[in-house]
Engineer: 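Handing you this structure, nothing more for now.
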Amino acid sequence: MNAQATDAGRNDGLDALRGLFLVLMTLTHMPTSLQSALGQPVGQVSAAEGFVLLSAFLAGQVYLRRGLKQGFAGMRSALWARAVTVYRHHLVLFAFGISMVLVLGMVNGHDAVTNLFTQYLAHPVLSAGAAAAFLYQPPLLDILPMYVLFLLITPWVLEHARRHGWAVPLAASLAIWMASLLGLRAAFYDVALAWTGLPMAATGSFNLFSWQLMWVIGLWLGTARTLGHPSPLQVTPRMLKLVVLLAVAFFAFRHIAGQVPFGLTAEGAPTPANRLTDKWDLGPLRLMNVFALAVLIAAFGPRVARRLPLGALARLGKSSLPVFSAHIACCLMALACFGEPTPEGTLWLDAGLIAGSLVVMYGVAYLHQMASTPAPVAPRRRAVQSERVAPASSAAPWIAGASVPPALLPPLIAPTPPAARSSVTGSSRNGASCV
């Protein structure tokens with residue numbers, strides 16, 4: 001997962017990959033007649049898996065280095081601050097959904113919107129409180145709560161991995177995933193909802209007990225280099241050929257058998273065999289497809305990134321959280337204004353909805369990065385500032401950049417030179433982004 005890094009310490013290739021996942025999610029979520037055809041285009045895997053895996057990879061990479069520099073408390077504070085930011089986005093999106101979107105949907109008579117908020121319409125006060133506590137998660141509003149919970153537990157996972165290695169976290173995560181396939185989620189929510197007494201059943205499509213495995217594996221991959229381990233995604237040439245064949249087989253399987261590859265029952269429900277590729281529970285075959293693609297991206301991604309113009313996608317990826325929220329808002333507004341896609345819908349309308357959403361997302365990314373960029377310091381003021389800090393920096397040059405001398409830091413986390421520090425400060429707000 002390496003690619004060309006920017007001067008500010010970012011990685012254009014990874015940012016562009018994250019931007020690509022955002023575009024693919026928009027194509028999947030936008031209510032158009034192209035929704036089914038554009039969903040899962042590269043195999044029995046969606047953009048959500050790639051986005052979660054890459055977000056965890058970057059979180060492990062960024063926050064473990066912060067922990068090495070600032071200790072566990074500094075790493076935990078940074079992760080929890082990020083969780084608070086994601087939580088605020090969740091609350092804003094929920095408020096937007098139950099206000100403007102719901103009102104427009106009811107005025108226009110679109111059941112697609114009212115069906116999203118059925119339980120809120122029946123129990124508005126309890127639903128609002130349950131949404132704040134993640135016990136009520138309408139469709140499209142169930143992704144950010146998962147990120148918040150994962151960010152909250154990440155400090156202890158990274159600290160254990162730093163001190164004792166990854167064997168226990170990976171084994172525990174795998175065991176929880178296997179238990180989730182046997183019904184752990186249903187049992188947990190039955191007990192939790194009965195204990196709280198809330199009349200809620202909509203707790204989100206994503207099975208957190210399954211998807212935590214994707215997050216933990218992403219953290220593991222992201223910390224390998226910092227901890228001095230070889231990347232688990234690096235394979236031998238012979239193994240790489242097998243992975244290519246596996247990815248091609250999954251690609252053909254998706255486009256020949258469809259997104260429900262093992263068919264439906266007489267009642268129209270997916271057959272039990274479809275659990276092998278189930279998205280919400282992360283079926284075993286889906287996991288194989290995800291990691292086959294991850295190996296291919298690690299092997300060929302850097303060469304592809306050097307040959308393609310990635311500016312637009314990288315801009316989306318650098319502002320992933322506001323852009324993600326913007327895409328959810330666009331999808332909700334499209335449902336409220338136009339409802340579910342119909343067979344008689346036109347390709348012009350579909351193309352307009354998709355293009356308009358992408359323009360909004362790019363505009364949000366542009367404005368976010370403009371607001372995050374520090375104003376340039378005037379030459380005279382910069383000279384005065386350098387004179388003020390010169391005695392301290394000459395006495396102890398590492399104090400401003402790290403808590404230990406540079407000689408004791410690994411090369412990857414060496415303190416930033418004073419001349420470059422002002423540019424890094426502006427980008428660090430996004431550099432530590434994991435959503």
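Hydrogens, waters and symmetry mates are skipped; everything else that's a heavy atom, side chains included, is used.
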Engineer: Sequence neighbours left out, what passes side chain to side chain contact (heavy atoms under 4.5 Å, CB included) with I153? Give chain and number order.
Structural biologist: none

Engineer: Which of parallel (below 30°), tilted (30 to 60°) and perpendicular (above 60°) describes H327 and H29?
Structural biologist: parallel

Engineer: Would you call the rings of F324 and F51 parallel, tilted or perpendicular if under 30° counts as parallel and over 60° as perpendicular?
Structural biologist: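 Because their plane-to-plane angle is under 30°, the rings of F324 and F51 count as parallel.
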
Engineer: Sorted by first residue and then second, give each salt bridge (Lys or Arg N to Asp or Glu O under 4.0 Å) pair with at least one member in residues 37-56; sequence neighbours left out.
Structural biologist: E49-R286

Engineer: Could you give all pairs that pass the ring pair (Phe, Tyr, Trp, His ring centres under 6.0 Å) test and reach residues 275-300, with sequence neighbours left out?
Structural biologist: F206-W280

Engineer: Which pairs count as side chain to side chain donor-acceptor pair (under 3.5 Å) when at least one residue sits in residues 245-255, sequence neighbours excluded?
Structural biologist: none

Engineer: Sequence neighbours left out, what pairs pass side chain to side chain donor-acceptor pair (under 3.5 Å) with at least one residue falling in residues 242-251?
Structural biologist: none

Engineer: Taking all heavy atoms of W215 and all of A56, pick out the closest pair and write down the distance.
Structural biologist: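 Smallest interatomic distance, heavy atoms only, reads O-CB, 3.2 Å.
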
Engineer: According to salt bridge (Lys or Arg N to Asp or Glu O under 4.0 Å), does anything in residues 25-37 pair up with another residue at least two apart or in another chain? List the pairs.
Structural biologist: none

Engineer: With L246, which residues qualify under side chain to side chain contact (heavy atoms under 4.5 Å, CB included), at least two apart?
Structural biologist: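 Partners of L246 by the side chain to side chain contact (heavy atoms under 4.5 Å, CB included) criterion, ordered by chain and then number, come out as F250, M288, A292.
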
Engineer: For the pair K318 and D12, find out whether any cationic side-chain nitrogen is under 4.0 Å from an anionic carboxylate oxygen.
Structural biologist: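 Between D12 and K318 there is a salt bridge, with a charged N closer than 4.0 Å to a carboxylate O.
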
Engineer: Atom CE in M146, atom CE in M214: separation rounded to 0.5 Å?
Structural biologist: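 That separation rounds to 9.5 Å.
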
Engineer: Taking side chain to side chain donor-acceptor pair (under 3.5 Å) as the cut-off, I'd like each qualifying pair that reaches into residues 236-252, sequence neighbours left out, listed once.
Structural biologist: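 Side chain to side chain donor-acceptor pair (under 3.5 Å) check on residues 236-252 returns no pairs.
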
Engineer: Taking atom types as modelled and ignoring hydrogens, do the side chains of Q119 and S127 form a donor-acceptor contact shorter than 3.5 angstrom?
Structural biologist: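 Side-chain D/A pair, Q119 to S127: absent.
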
Engineer: Looking at residues at least two apart in the chain, or sitting in another chain, which of them share a side chain to side chain contact (heavy atoms under 4.5 Å, CB included) with T85?
Structural biologist: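 Per chain and number, T85 pairs via side chain to side chain contact (heavy atoms under 4.5 Å, CB included) with R82, H89, L321.
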
Engineer: Begin from the C-alpha positions of R18 and D15 and carry the test salt bridge (Lys or Arg N to Asp or Glu O under 4.0 Å) through to its verdict.
Structural biologist: CA-CA 5 Å; R18 190 157 50 171; D15 281 331; 3.6 Å; yes

Engineer: Among residues at least two apart in sequence or on other chains, which ones pass side-chain hydrogen bond (donor to acceptor under 3.5 Å, both in side chains) with Y87?
Structural biologist: none

Engineer: If you look at every heavy atom in S210 and L282, which pair is closest and at what distance?
Structural biologist: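 The answer is O-CD1, 3.5 Å.
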
Engineer: Looking at every heavy atom in both L213 and S173, which two are closest together, and how far apart are they?
Structural biologist: CA-OG, 3.2 Å

Engineer: With sequence neighbours excluded, what pairs up with L170 under the side chain to side chain contact (heavy atoms under 4.5 Å, CB included) test?
Structural biologist: W166, V216, I217, W220

Engineer: Testing the basics here: between A326 and V364, what is the closest heavy-atom pair and its distance to 0.1 Å?
Structural biologist: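 Nearest heavy atoms, A326 then V364: CB-CG2, 3.9 Å.
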
Engineer: In Å and rounded to the nearest 0.5 Å, what is the OH to CG distance from Y362 to L313?
Structural biologist: 10.0 Å

Engineer: Between the main-chain N or O of N289 and the side-chain N or O of Q44, is there a donor-acceptor pair closer than 3.5 Å?
Structural biologist: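 Looks like no, no N/O pair under 3.5 Å.
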
Engineer: Suppose the criterion is salt bridge (Lys or Arg N to Asp or Glu O under 4.0 Å): which pairs have a residue in residues 153-182, not counting sequence neighbours?
Structural biologist: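 Of all non-adjacent pairs touching residues 153-182, those that pass salt bridge (Lys or Arg N to Asp or Glu O under 4.0 Å) are E159-R162, E159-R163.
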
